[in-house]
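What follows is a short report on a single structure.
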There are 2 protein chains.
Amino acid sequence: MAKFSTDLDRTFSALADPTRRAIVSRLCDGPRSVSELAEPFEIALPSLLKHVRVLEQSGLVRSEKIGRVRTCTIEPRALQATEAWLHQHISGWQKRLDRMEAHIERMMRKK
Amino acid sequence: MAKFSTDLDRTFSALADPTRRAIVSRLCDGPRSVSELAEPFEIALPSLLKHVRVLEQSGLVRSEKIGRVRTCTIEPRALQATEAWLHQHISGWQKRLDRMEAHIERMMRKK
DNA sequence: TGAAAACTTAGCCATGTGGGAAAGTATTGG
DNA sequence: CCAATACTTTCCCACATGGCTAAGTTTTCA
């Protein structure tokens, strides 16, 4: 119960932190440099950089260094894969609910 | 940047663990007792119970004890709220992509 | 009543995580 | 060429997390 689902592990735990979700939100508006990302937070640069690394390892964000500035962009595929997992489970649950309703209806008709 | 998003924090970090995602998956098929949930894992009961508690605190799962067995059920609303966050961000990113495409097209026409 | 079943609590341990300060490296503008 | 900029590396710390065992507690069933 582990190895094969490592991607989801990383994505969900990357999104579990509010600072990282805020970073993702900002990157949805367009690419940002590391210091631009740091600016709205009361956080030291090394700490923010760590968050960026976590987001990169989860595949949610990519970054490239040109000259002395590193620019980060969002990578929507990981976001979509995560949504897919949730969607699948919600619809699975929905199906079960439908079956239950059908079952109850059958009981009602019998009686 | 914190207090208001605590629900999402808890939901995402609950789903970051593969054991807990597996529990959620099984509960999508219907309610289960704690020991039924524990059965497929090589994990001691107290450890599994901890996972259940985490899932409860995130709002993903509810449980009720009747007699000596505690039965767990899934609570789809937290799942849906989480999907909503993802969906919102994906579509936000999509809009930005559209704007970029429109921009590039304008540039092409000019030239 | 008394043993088995089904949790539940308590406490321990190793590792991981989020935060920081300090010092280092590489680019750039004057 | 030198100072400022923009990271980056290297530690360090406190606390949270996931796992365990051992010892309860509460119900149920014979």
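Lettering of chains follows the sequences in order, A, B, ..., and the numbering in each one begins at 1.
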Separation of L45(A) atom CG from dG18(C) atom C1', in whole Å? 15 Å

Measure CZ/R53(A) against P/dT10(D) and give the value in whole Å, please. 12 Å

Tell me, do L15(A) and R21(A) make a side-chain contact under 4.5 Å, heavy atoms counted? yes

Between dT5(D) and R68(A), counting only base atoms on the nucleotide and side-chain atoms on the residue, is there a donor-acceptor pair under 3.5 Å? yes

Does H51(A) have a side-chain nitrogen or oxygen under 4.0 Å from the phosphate oxygens OP1 or OP2 of dG19(C)? yes

Hydrophobic cluster membership, with links at side-chain heavy-atom distances under 4.5 Å among I/L/V/M/F/W/Y: are F12(B) and I90(A) in one? yes

Take V34(B) and K50(B), find for each the nucleotide of DNA chain C with the closest heavy atom, and name the residue whose nucleotide sits nearer the 5' end. V34(B)

Return the value, rounded to whole Å, for the distance between atom CD of Q57(B) and atom P of dA16(D). 13 Å

So E36(B), base contact, sugar-phosphate only, or nothing? Heavy-atom distance under 4.0 Å. nothing

When you measure from the side-chain N and O atoms of S33(A) to the phosphate of dC7(D), is any distance below 4.0 Å, counting only OP1 and OP2? yes

How close or far is atom P of dT17(D) from atom CG of L15(B), stated in whole angstroms? 15 Å

Could you check how far CG of L37(B) sits from C1' of dT8(C), rounded to whole Å? 16 Å

Gap between atoms CZ and P, on R70(A) and dT25(C) respectively (whole Å): 17 Å

If you find the nucleotide of DNA chain C closest to A44(A) and the one closest to K65(A), which residue's nucleotide is nearer the 5' end? A44(A)

Winner on side-chain proximity to R20(A), out of dA10(C), dG18(D), dG18(C), is dG18(C)

In whole angstroms, how far is the C1' atom of dT21(D) from the CG atom of L48(B)? 16 Å

Quick check on dA6(D): is either OP1 or OP2 less than 4.0 Å from any side-chain nitrogen or oxygen of S35(A)? no

Round to a whole Å and report the spacing from CG of L49(A) to C1' of dT10(D). 13 Å

With no hydrogens and no angle check, is any side-chain donor or acceptor of R26(B) less than 3.5 Å from a backbone partner on E36(B)? yes

